[in-house]
Amino acid sequence: MQLNREDLLKAYKGMSLIREFDEAVHEEFATGSLPGFVHLYVGEEASAMGVCMNLDDIDTIASNHRGHGHCIAKGCDTTTMMKELYGKKDGICGGKGGSMHIADLSKGMLGANGIVGGGTPLICGAALTYKTKKMPNVSVGFFGDGASNQGSIAESMNMASVLNLPAVFVCEDNGFAESTGSSYGVAGNLVERGNAFGLRTAKVDGTDFFAVYETAKEIIDGSRNGEGPALIHVETNRVYGHFEGDAITYRTDEETEDIKMNKDPLKIFKAKVTEAGLLEASQLEEIDKESNKKIKQAIIESKEADFPKEADLLTDVYINY
Amino acid sequence: MPIKSYKEAINEAIAQEMKRDENVILIGEDVAGGAGTNGEQDAWGGVMGVTKGLLSQFGRERIIDTPITETAILGMASGAALTGLRPIAELMFVDFMGVCFDQILNQTAKFRYMFGGKAITPLTIRTMYGGGVRAASQHSQCLYPIFTHVPGIKVVIPSGPYDAKGLLIKSIRDNDPVIFLEHKAMYDLTEDVPDESYVIPFGEANFTREGKDITLIGMGKTVSLCNNAADLLKKDGVHATVLDLRTLSPLDEDSILESAEETGRIIIVDESSPRCNIATDISALICDKSFSYLKAPIKMISPPHTPVPFSPFLEDIYMPDEQAIISTAKKILN
Amino acid sequence: MSDKILPITMPKWGLTMKEGVIVSWLKEVGDEIKKGDNLVEIETEKVVNEFESPESGILLKKIAEENIKLNVGSLIGILGEKIVDDNSINEFVKEFQSNFQNQNISEEDDIDLNKKIMIKDLEINYMQIGEDKEKNILFIHGFGGDLNNWVFNQESLSNTFNTYALDLPGHGLSHKIIEEGSIFYLASIVSEFCKELSLNNLTLVGHSLGAGIAICANENIQDLIERFILISPIGLTKEINKSYLDNFIIADSRRDLKKVLEELYFDPSVITRDMINEVLKIKRIDNSVNALSLIKDEIINEGNQKNNYIKKIEELEIPVNIIIGSNDKIIPNIDASQLKKINYFKLENCGHMPHIEKSKEVNEIILTK
């Protein structure tokens, strides 16, 4: 299935923005100006964009601690996202959530999540809402190879299958669960786990946007059409550590170089579209410049923005008490 | 007014709300029963039959039997609440909260705050608590202090059928997550309950007896212990106020302090384990805010710091009773 | 003078009362008691009130102690026409108690005496006490009330009348959803009720809003009504305590409602915890507050009473008795000279609820006037 020019540009814009955002966060974090923990998505951009370009604002996603990419792919505003990372009042969650809890319900983003496997059961809930209200929508849960072993994932797949829910489970296998390789921690075969619960399954090269997009399209369309839940096993790579501050000594320098040089989804996309004459290299460079500018501006604004007031500490625990 | 049992009152609350609002659904293990079998559908209606009869009224689209997967049940209910439904999820025994506590503690309770005030999570979690029925240590706990401890959820504990219906209707209509605790030994208790729907607000304790000598504070099943003790004490000329907390979060601090200041002698009767329970919480509140009115130390009646024993002989010693309240009262009155 | 000993027993106030507590004795042993004297103060679940001695005599012995709960019908004390020796007293008490013990509690106690009837597609709840009498009496409560407001009147008068008390639409146990709250609409419901039950030779007793309804009902059921008793009626003055109605509607806590209800009485100690709870229970039923708001808007217009019934009353050709309390904080006392052809009774030390605070006097008026 060929994507038109507009969509190709949209795809690259998204991936570029994700790249710029997390690279900027990588730099800023190193200066000590960002509070708390961050977990960066650099190297996995094609997964988020490839899946989310098949979703609209009513469809929902739930994400994990490595959630900036999913947020941006689902349409969250990068400036307010950045402000959130700085804990500012105008942040996308009022400064009260931080990197691991970024959410925007108006864009169908049910939140990044600080509990490994914690967000995935929620997509069964959203899918149940769609089924109950007879809406043609789908809910997608992103989780990593580390989360794939959590009971919550197994329970969610089983529940989605039992109730025939329009829920799509996307396992972004970047080869490492914190500092432990997935070849060690993930027993058996991920796709077969999905099969075992009766889910439609697929395995895809997460460095190739087109592969992800087309696989996701088929899977998601199926769920929209009443075929029930599915599991996509995306093989991808994270350039940086589990969290910023991780010395990544569990991975060799050669492996890291290889990831940067040969497995960069943006480079692979660029090569494909320019070789096929679909887009010009200069267009893509222009997009990179734009993204860079936008994120730099976001950082400036974030640094200048106000923190929440003392009274904000006590608000929004309940709607009324 | 018609007489209904605790069980019937709860069933009625659910049925009336499901009729009124098509977004209300019921999710849980065997809430109907018989799914995927050749035998009776609606075989159980909940393990104690509380939700029996709803399946025929609302069908399997809105009465959803689930596999035994508490994390998925609570998580699914929470996600559905976030996205436009108004689910009632059943946690069959509160003791099972260990299996799914993350979904309650770190997800449901925190969405509104973490997402900067944008999330609305109108989830009601119904669960059974309490001992005295020889169900042994893993099926007899109270655990409501743990929920009360968590900011972001509300904790409701009705003491009888009238309160149960009004508080459950309120829980379902409330837009915050609510844990609704049903004492498993109270289901056959009866009382006048209106046929119409009605709402009892949260944060309003109920005075079931009034007297100037001593305050007895109870919650859920311990309210009837306090009432019985108060009636027996009256024969000896001691007039007790009995306060039924109704909701633990929010807590009606005003009524607690008002009565504490009037009598100066307080006994709190709490069936949950003694360390860090509601009795200790209220005791600290009264000491902090009304210390100068106290005429005696605040007394807390709770079981001992042990798991709930199985043997009937031991369980009967374990559970708080009227005699404990009366002898404690007499001690602090002298 | 005979040696006759007269037992005084725990009275039954209202059909649901099963037991009461003596709060305090108001007379001493040896005192001369006249029938009607206040003998003891009794507290029930619903109310605290003084109990008048049904007999005359000397108080020989107090049987009931203060603060002990006793069943209805239990021996409270004994009177005698003259002082009698202790042996005779003890014999009497022993015999009474053993007979009392053996009595089965009447099954009637456990039956719910509320009845339902459909009037114009609304389910109306009512209570009937007394039958086979020639005359009928219908009690109509006021704004925010219910048929239990007549607990000190209905049963007492049931020896003379077939007594009926109903819950107005939007109140008590009657249907709560109402399309409109006009007095005429409510009067039409009451008229239909009277016609359905063929309540001829009818005394219509209305309190406050209920009195206004009674007056308006007249034109539909003239042939049935023979007499009006209007207690603290609306429609006689311009002024009314608007904030009372507003606050009654808004109050959703025990504390707030207690403050509001206190305005109704000269002596607020008559209000018990249970009384407040019962009112709250009805108010919390779905659509109850809506109904009250609709009705309130038909009672009050821009801070004053919307309706004036003086002309209607003067045009009535049957006896009209108006009873008000001198300390009514809801509706100011009317100047008696304004009303012609009417029996007018102003009761001292009494608020907006004479039928509760001065039930003896009100019942007397109903029986004799």
Side-chain angles (χ1 to χ4, degrees), chain A residues 58 60 62 84 89 91-98 100-106 108 110-111 113-115 117-133 135 137 139 141 150-152 154-160 162-163 165 167 308 312 315-321, chain B residues 22-23 25 27 35-36 60-62 64-85 87 89 99-100 102-103 105-123 151-154 174-178 202-203 249-251:
Chain A
I58 313 270
T60 45
E84 186 63 32
K89 188 179 166 77
I92 199 168
C93 293
K96 288 160 94 164
M100 287 191 288
H101 308 115
I102 293 182
D104 188 345
L105 293 157
S106 71
L110 300 181
N113 209 299
I115 304 296
T120 308
L122 300 178
I123 70 157
C124 293
L128 180 64
T129 300
Y130 304 145
K131 182 182 168 198
T132 305
K133 292 184 172 222
M135 296 160 71
N137 293 95
S139 191
Q150 283 279 21
S152 60
E155 291 194 27
S156 302
M157 291 200 287
N158 185 66
M159 182 72 85
V162 163
L163 297 180
L165 299 176
D312 294 329
T315 58
D316 294 319
V317 182
Y318 300 94
I319 294 174
N320 57 60
Y321 199 55
Chain B
E22 62 182 5
N23 290 322
I25 59 174
I27 308 172
R60 284 203 179 277
E61 295 226 320
R62 293 175 70 197
I64 301 174
D65 280 337
T66 64
I68 302 175
T69 50
E70 279 76 10
T71 297
I73 295 167
L74 270 300
M76 178 168 75
S78 193
L82 264 183
T83 52
L85 292 183
V99 183
C100 62
D102 180 73
Q103 289 300 320
L105 167 72
N106 284 321
Q107 312 299 329
T108 308
K110 294 179 168 55
F111 288 146
R112 183 153 184 90
Y113 190 85
M114 286 196 308
F115 296 168
K118 289 179 292 183
I120 301 178
T121 319
L123 171 63
I153 43 180
K154 296 177 177 170
D174 199 272
N175 287 330
D176 285 314
V178 177
F202 293 160
S249 174
L251 186 69

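Naming convention: chains lettered A, B, ... in sequence-line order (proteins, then strands); numbering from 1 in each chain.
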Region of [X] that comes under 4.5 Å of a non-hydrogen atom in chain A:
X: B:I64; answer: side chain
X: B:I27; answer: side chain
X: B:K154; answer: both
X: B:N175; answer: both
X: B:S249; answer: both
X: B:F115; answer: both
X: B:E70; answer: backbone

Part of A:V317 lying under 4.5 Å from any heavy atom of chain B:
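Contact with chain B involves both backbone and side-chain atoms of A:V317.
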Which bit of A:L165 comes within less than 4.5 Å of chain B, counting heavy atoms only: side chain, backbone, both or neither?
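Contact with chain B: side chain only.
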Reported [atom1]-to-[atom2] distance for the pair [X] and [Y], which is rounded to 0.5 angstrom:
X: A:S156; Y: B:M76; atom1: OG; atom2: CE; value: 9.5 Å
X: A:K96; Y: B:R112; atom1: NZ; atom2: CZ; value: 9.5 Å
X: A:L163; Y: B:E61; atom1: CG; atom2: CD; value: 11.0 Å
X: A:M157; Y: B:T69; atom1: CE; atom2: OG1; value: 12.5 Å
X: A:T132; Y: B:N23; atom1: OG1; atom2: CG; value: 9.0 Å

Pick whichever of [options] has the most heavy-atom pairs under 4.5 Å with chain B.
options: A:L110, A:T129, A:L105; result: A:T129
options: A:G98, A:G114, A:C124; result: A:C124
options: A:G94, A:G91, A:A126; result: A:A126
options: A:N113, A:T60, A:T315; result: A:N113
options: A:I102, A:D312, A:I92; result: A:I92

Can any side-chain N or O of B:D176 pair as donor or acceptor with the backbone N or O of A:I319 at less than 3.5 Å?
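A pair under 3.5 Å: yes.
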Test item: [X] and [Y] side chains (from C-beta on) under 4.5 Å apart, heavy atoms:
X: A:M159; Y: B:P67; value: yes
X: B:Q103; Y: A:I115; value: no
X: A:L122; Y: B:F111; value: yes

Most chain A-contacting option - heavy-atom pairs closer than 4.5 Å, from B:N106, B:T66, B:D102
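So the answer, after comparing B:N106, B:T66, B:D102, is B:D102.
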Given A:N320 and B:D174, is the side-chain contact (heavy atoms from CB on, under 4.5 Å) satisfied, shown in steps?
CA-CA 9 Å; A:N320 57 60; B:D174 199 272; 4.1 Å; yes
Can you name the nearest heavy-atom pair linking A:P121 to B:A72, along with the distance?
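Taking every non-hydrogen atom into account, CB-CA, 4.4 Å.
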If you look at every heavy atom in A:K133 and B:L85, which pair is closest and at what distance?
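Looking at all heavy atoms of both residues, the shortest contact is CE-CD2, 3.8 Å.
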